[in-house]
Each structure stands twice: as C-alpha cells, then as structure tokens.
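Read the structure below first, then the notes.
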Amino acid sequence: MAAAVLEQGEDAFRKIFRLYRRRSPPADLAEVLEFRPGEPRLRSVQFGVGALSDAAAARVGLQPLSDWSGYNVDGFQGFLFIVNPFLPGWQHRWVRQCLKLYPRKPNVCNLDLHMRGAGDLWDGSHAQLRRKSSQRRSEKKTLLEKLRWVTLGYQYDWDTKKYYKEQRSAFPVDLAELSRCVSLACGFPNFKAEAGILNYYHMDSSLGIHVDESELDHTSPLLSFSFGQSSIFLLGGLSRDAAPTPMMMHSGDIMVMSGASRLLYHAVPRILRHPGGGVLPPCLSVPPSTEDTSPLMEPCSPPDWEVCEAYLRSSRINVTVRRVLEEGGNFPEEGDRAAKEGTPGDAYHTEDPEMEERGGPKRIRPGQD
Ligand code: SIN
C-alpha cells in the first residue's frame, strides 16, 4: 500500500481519506476490500429462509432471497454488505426514479432556487444529455449534471443538521417498499422508511468524513443503495482516531449499517470507473426489463434509459434510507431542540476542509450551487 503520511494535527481517518482521494499518483487499491468469496476478513451471511417472499422481492426488482450473497466484515458488528441482489434489467428502473422522479417537488434538492420557474430538471436536461452522449463533446453542464442531493420524507435540514416534524413530504412508496424488503431480509421487520438522502457523484466527487446521527432512532439500520460507477467507501470507528477500512462498492450493492456500526465514521473519498472496461458496469449494460411485473414502478422506457445511460457514464448515485423516529417516539419540544442545535458532533455531515479547498463535491446547502 502506498505510504500515507500523517500531517500535523491530522487524524487517522483523514490520513486514509487523503490517500484514497489522491489522483496523482493514484493510490494502490490492493488493500481495498472486495466483497467476494475467499476474502479472509469476510463472513458469509445466511439470510433467514422465508423472511422475504420471492413475490415481494420481485415487485421491487430483487432476486429471490435464496440467491443473495451477503457478508459481515470482521471487526464491524452490525455491518452487512449485500452484493448486487437486483434482478437483471431492474437497476435501470431505480436509476430512472433517482434522476427523473425523486428530484421533483415536493422533494427538496440543491437546485431548487435555480429551478424556480425553470420547469422540471429532467425535462430541461434530457435532450442535451442524449446529444452529449452521441456527440461526445463537452457542452455546458445540464441541470441534471449539477444535481448534488435530493432529500425525501422528513427533509434533512443542512443548516441545523436536524429533521423537523413539519418539514416533511410523502416518502416515495416504491423506495419505501424496497427498503422494507431489504430490512425484512436482514432481520429488521420494524424498519420504516421515513427519510432519504440521495447523493449524486461525478468522477471528481467525494463525500467528507461524517457520522449519520441526526436521526432520533439509532436502533434501526441505515440502508444504502449504490448505482452507476464504483466507489471506495471508508468505514472507521467511533472516533476519527481509528483508521478506516477501505471497501469497494459497485452498482447494485447494498450496505446495511446497524447495531455497533450504525454510528461509525464513514466517507467516500473516490469515485472509480467500474472494473471491466465498458462504459457502464455489466449489470447495467443489459437492456432494461420491459416486463411490467410490478404495480409499483413502470418499466424504464428506452428513451428514458438513453438519458440515464448518458448520465451514468461518469456518475454514481447513492440512496440512503433512514428511520427518524423510534416506535411511539416524537420530536423534542422546541426548547430542547433549540438547546441542542449546534452541539458539536451532531452533524450528519462533517465538512472536510480539504474538500472545501479543492472545491470537491461539497454537500451544497440550499440556496447554493
Ligand atoms: C455513499 O455514497 O455510499 C455514502 C453516502 C453517505 O454516507 O451518506
């Protein structure tokens, strides 16, 4: 592994983050954990037979549970990695939802100010994106390419780093059902999808070191779905002094963070082209499924997929789904809430000064782009 030199005042997590974020010379990826059989740090997971019916799985585009392959990682109790359990041709539908539907009102996105009166993000971008993909010449960025985040359900407030009872839109039914199926399969029958954050990455993007602790319920897992190009995910400890483990995430992979892993520091220092050489990963190179086997989601039409494909050539989409309130729980009274605001360490996202310096993907806050 290339040497990572600790700079003065730098913690162990940040040292590794810098190492993998580096482009020149690129970091040696030999230490990055790939989720495949035979890897000594992995324990294969047996999913509970009957926990999720094949029919329920198929409705959201998942393979029968008996075909899933999942792993725990030594040293990370409560962390579960599921290797792309989607049926061939079905990730396309989820990608289309993430690009075409979820950025729409009443959901909130980083471009809301720009879009006032500008119409729909997808409608305003699809023609230019298709043209770009066929002509291969750079043009001005489309709005879709400027999209950085979308929030669903209880709207995460980037300024206070909290959720509020009144700031809420209906959570998408299809994504709630996908989350229900995955959490059921993983032994969490009480999971409720109450908030979602979608992150849109390009090849030069990274996501700073943070802990997801703004939710009031930490007993439920955090679910994370990845689509498009690959990335390095760093999973650390309860403090930034613990050196993180680098893991490779590919399109379709799902991570479940629960138990002792729910509140660990993590980050995404690097987006990488998927291995294999094609423009898109093989699981996305198959044609979209056109069989309308789900009442929840219509198939991704060929013209829609053309746009998604052009976008994903150099992008990755991550969707995290969280339960915000405990069973029977409620939001704190206004007074408690005000008193807690600004408490160090309660951030969903810790700003990383290096990312700011380099103009990296920054979690752009409402009102900025
Ligand atoms: C990811 O993009 O894989 C992680 C997203 C997050 O930590 O919020």
Side-chain angles (χ1 to χ4, degrees), residues 13 16-17 20-21 32-35 73 76 78-84 91 94-95 98 102 109-110 147-158 161 163 175 179 182 193-215 218 220-237 240 244-258 261-272 274 281 312 314-324 346-352 355 360-365:
F13 199 123
I16 306 290
F17 182 92
Y20 285 108
R21 192 171 196 282
V32 182
L33 192 53
E34 287 274 7
F35 290 85
V73 183
F76 293 105
F79 179 81
L80 169 60
F81 192 100
I82 306 167
V83 180
N84 179 16
Q91 285 186 58
W94 289 107
V95 171
C98 293
Y102 299 156
C109 79
N110 65 298
L147 183 65
R148 290 289 173 273
W149 56 261
V150 168
T151 50
L152 311 171
Y154 283 116
Q155 302 295 334
Y156 180 70
D157 185 318
W158 300 96
K161 301 176 175 60
Y163 300 95
L175 185 56
S179 306
V182 170
E194 292 181 327
I197 299 181
L198 280 72
N199 286 299
Y200 298 83
Y201 299 84
H202 304 296
M203 299 314 291
D204 57 353
S205 305
S206 59
L207 180 69
I209 306 163
H210 68 280
V211 177
D212 293 275
E213 59 185 350
S214 299
E215 297 73 30
H218 294 156
S220 289
L222 184 144
L223 310 180
S224 167
F225 303 89
S226 293
F227 302 109
Q229 301 297 335
S230 303
S231 68
I232 297 174
F233 179 78
L234 298 178
L235 184 61
R240 289 175 55 146
T245 298
M247 306 176 181
M248 195 63 85
M249 283 196 286
H250 300 296
S251 194
D253 291 343
I254 301 177
M255 279 185 341
V256 180
M257 291 170 76
S258 71
S261 291
R262 176 65 181 76
L263 294 175
L264 298 183
Y265 276 96
H266 56 278
V268 178
R270 195 103 177 92
I271 306 300
L272 296 165
H274 76 94
L312 285 185
S314 54
S315 308
R316 166 178 185 260
I317 302 171
N318 177 262
V319 181
T320 50
V321 181
R322 305 112 194 277
R323 181 169 181 174
V324 175
D346 69 348
Y348 162 73
H349 175 235
T350 303
E351 293 294 343
D352 187 308
M355 285 170 47
K362 354 182 231 225
R363 280 295 182 60
I364 300 156
R365 290 155 191 253

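No hydrogens, no waters, no symmetry mates; every other heavy atom, side chains included, goes into these values. In this chain, numbering begins with 1 at the start of the sequence shown. Ligands are counted one by one from 1 in listed order, and the atoms in each one are counted from 1 as well.
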ask   = Side chains of Asp253 and Val83: closer than 4.5 Å at any heavy-atom pair?
value = yes
remark   = Those residues at least two apart in sequence (or on a different chain) that pass side chain to side chain donor-acceptor pair (under 3.5 Å) with Arg270 are none
request  = Would you mind listing which atoms of ligand 1 come within a distance below 4.0 Å of any non-hydrogen atom of Met249?
outcome  = 3 (O)
Check: Ser214 side chain, Lys161 main-chain N or O, donor-acceptor pair, under 3.5 Å = yes
request  = Over all heavy atoms of both residues, which pair between Gln91 and Asn84 is shortest? Give the atoms and the distance, please.
outcome  = NE2-ND2, 3.3 Å
query = Should Ile197 be listed as contacting ligand 1, given a heavy-atom distance under 4.0 Å as the test?
reply = no
remark   = Filtering Arg316, His266, His210 for the heavy atom nearest atom 3 (O) of ligand 1 leaves Arg316
Contact atoms of ligand 1, heavy-atom distance to Asn199 under 4.0 Å = 5 (C), 8 (O)
inquiry  = I'd like to check the ring pair (Phe, Tyr, Trp, His ring centres under 6.0 Å) partners of Phe225; sequence neighbours left out, ordered by chain and number.
reply    = none
remark   = Numbered in order shown, the ligand 1 atoms found under 4.0 Å of a heavy atom of Val268 are 1 (C), 2 (O), 3 (O), 4 (C)
request  = May I ask you to establish whether Arg148 and Tyr200 are in a cation-pi arrangement, using a distance under 6.0 Å from NZ or CZ to the six-membered ring centre and at most 45° from the ring axis?
outcome  = no
Ligand 1 contact by Met255, heavy-atom criterion under 4.0 angstrom = no
remark   = For Tyr201, the atoms of ligand 1 under 4.0 Å from one of its heavy atoms are 1 (C), 2 (O), 4 (C), 5 (C)
